[in-house]
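Before any comments, here is the structure.
Quick caveat: nothing in here was measured; it's all calculated off a predicted structure.
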Amino acid sequence: MDMGESKPERWCGLKDSSWCKQFKNISNPLMARYVYGFIFLAANLLAWSARDELSSISTITKVKGLRVCKVEKECLGANGVLRVSMGCFLFFMMMFWSTTRASELNEARDKWHSGWWSVKIVLWILLTIFPFLLPSALIELYGQIAQFGAGVFLLIQLISIISFINWLNDYFTSETYAERFKIHVMIFAATSYFICLVGIILMYVWYAPIPSCLLNIFFITWSLVLLQLMTSVSIHPKVNGGLLSPGLMGLYVVFLCWCAIRSEPEGDQCIRKAGTVPETDWLNIISFVIGILAIVFATFSTGIDSKSFQLKKSEKPTQENDVPYGYGFFHFVFAVGAMYFAMLLVGWNSHHSMKKWSLDVGWTSAWVRIVNEWLSVCVYLWILIAPVIWKNRHIEST
């Protein structure tokens, strides 16, 4: 592309040209997102390979630099995951610091974000190799920090999901579309609640078959209570949020509860369908692949949603030469996402052994999911009642 053409013309060229031509452009932020997503997917697959292959190779235990746990053979895989994750984290953090204030197309940071792929691929490879040269004590320290970083990723993700649900609800209930989509909203809300109730009933059948499964009964019942609480607050006259928003949130809450119980390790009658199976079969492999792709998609979709995290809405109108999304935020989400996929592959515990084709299994993983569920409900309820609280304070002050 001619670097001398004007910025608006360049932007129009990006939007109007074919997908193949866009990919070949030296500076294209729209296509750059997918390249970074592919790099992130490659890091996920490399980390999985390091976990399962290193754990199965007995001779590798002789490598002094990879010794990190008491049970060396089982923990080598977790150590390899953390090293790959650290390399991915360093790469995206470098991209974060170098692009965080990019605001216009065709400036140096935009070109660096959207181009220079040969340099960045070499940089990613070098940063992936670098952690394997570090002592295990430093990698173990990174594993502890990664738990915090993964928690940050989960917080960003749930805020993004809640923001999308609220935007969807506001869109369909706005004055412009309220009458047109009234029936559609009722159908979507009813379907959401129906799926939530079916999911809760199935969890009782699958994961609480006997009265002694007290923990699972508590998790499932409390999810039902939270669904009722969100609905009651949303339809309160002072909030007037409707049924669509809590219905969609209910789907997310039930899904998190299901993920939490699925993460519980095997070993008792309460887990009829655990996250791992004794023998590797195609269903288990497909489930694992879908889980990996879900991590990449969640990171990608959250990374391009920087507007949901703006503390103050900009009054400046969007210009044609503005960057299409926040580059710095995009790379930061991928950086903490690197920590997140590491925690899923090691079950949030670098000293915890994982079976092949397993993902996010262990009691730590289960409690992380449950806490994430409860926190998401708290954030959602706060978003609902905060405007009412501030409005009442404003009235009292006047």
Side-chain angles (χ1 to χ4, degrees), residues 40 43-52 54-55 68-89 131 136-158 207 215-216 219 252-253 255-268 270-271 274-276 287-288 290-296 298-299 302 333-376:
F40 189 75
N44 275 259
L45 296 176
L46 184 60
W48 155 71
S49 179
R51 186 195 70 176
D52 287 1
L54 287 179
S55 297
V68 67
C69 329
K70 295 179 181 179
V71 188
E72 294 178 3
K73 183 177 178 180
E74 294 182 349
C75 294
L76 283 174
N79 190 251
V81 169
L82 293 177
R83 292 176 188 271
V84 174
S85 169
M86 185 178 184
C88 186
F89 169 78
S136 293
L138 192 59
I139 301 302
E140 189 172 4
L141 176 62
Y142 169 77
Q144 296 174 359
I145 298 173
Q147 293 179 346
F148 173 78
V152 172
F153 175 83
L154 287 175
L155 181 61
I156 294 174
Q157 185 184 51
L158 76 87
Y207 305 121
L215 186 60
N216 288 352
F219 287 161
Y252 184 55
V253 166
F255 172 74
L256 289 177
C257 180
W258 176 77
C259 289
I261 298 178
R262 286 277 296 180
S263 295
E264 294 176 6
E266 297 174 302
D268 56 49
C270 299
I271 308 298
T276 58
S287 176
F288 177 82
I290 292 175
I292 291 292
L293 293 177
I295 297 172
V296 177
T299 307
T302 304
V333 170
F334 271 80
V336 292
M339 293 180 166
Y340 177 65
F341 79 65
M343 291 300 100
L344 294 187
L345 286 171
V346 302
W348 295 81
N349 185 355
S350 60
H351 297 269
H352 169 62
S353 61
M354 298 280 286
K355 294 183 179 180
K356 278 193 173 184
W357 303 106
S358 63
L359 188 66
D360 199 24
V361 177
W363 282 113
T364 305
S365 299
W367 279 105
V368 167
R369 294 292 186 182
I370 286 296
V371 172
N372 188 31
E373 175 193 348
W374 297 346
L375 181 61
S376 65

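Partners of Tyr252 under the side-chain hydrogen bond (donor to acceptor under 3.5 Å, both in side chains) rule, at least two apart in sequence or in another chain, do not exist in this structure. By the side-chain contact (heavy atoms from CB on, under 4.5 Å) test, Ala47 is found to be paired with Val81, Val84, Phe341, Leu345, residues two or more places apart in sequence or in another chain being considered. Residues forming a ring pair (Phe, Tyr, Trp, His ring centres under 6.0 Å) with Tyr142 (at least two apart in sequence, or on another chain): none. Residues satisfying the side-chain contact (heavy atoms from CB on, under 4.5 Å) criterion with Phe255, sequence neighbours excluded, are Trp258, Cys259. Partners of Phe89 according to the ring pair (Phe, Tyr, Trp, His ring centres under 6.0 Å) rule, which considers only residues two or more places apart in sequence or in another chain, do not exist here.
Within the model, atoms CH2 of Trp374 and CD1 of Ile370 stand 6.0 Å from one another, a figure rounded to the nearest 0.5 Å. The line from CG of Leu154 to CG of Asn372 is 5.0 Å long, rounded to the nearest 0.5 Å. Here the OG-CG distance, from Ser85 to Leu46, works out to 11.0 Å after rounding to the nearest 0.5 Å. Note that OG of Ser136 is 4.5 Å distant from CG of Asn79, once rounded to the nearest 0.5 Å.
Counting heavy atoms from C-beta on, the side chains of Ser49 and Leu45 never come closer than 4.5 Å. Taking the side chain as every heavy atom from C-beta outward, Trp363 and Glu264 approach each other to under 4.5 Å. Taking the side chain as every heavy atom from C-beta outward, Cys88 and Arg83 never approach each other to under 4.5 Å. For the pair Leu82/Met86, no side-chain contact is recorded, criterion being any heavy-atom separation below 4.5 Å from C-beta on.
Nearest heavy-atom pair, Met339 versus Gly149, reported as atom, atom and distance to 0.1 Å: SD-CA, 3.4 Å. Heavy atoms only, all atoms of each residue included: Asn216 and Tyr207 are closest at ND2-O, 2.8 Å. What you find for Thr364 and Gly347 is that their closest heavy atoms are CB-O, 3.9 Å. A pairwise comparison of heavy atoms in Ala260 and Ala366 identifies O-CB, 3.3 Å as the closest pair.
Judged purely by atom type and a 3.5 angstrom limit, Gln147 uses its side chain to pair as donor or acceptor with the backbone of Trp348.
Residue pairs meeting the salt bridge (charged side-chain N to carboxylate O under 4.0 Å, His left out) criterion with at least one partner in residues 365-376, sequence neighbours excluded, are Asp360-Arg369.
Side chains of Arg262 and Ser365: a donor-acceptor N/O pair is absent below 3.5 angstrom, by distance only.
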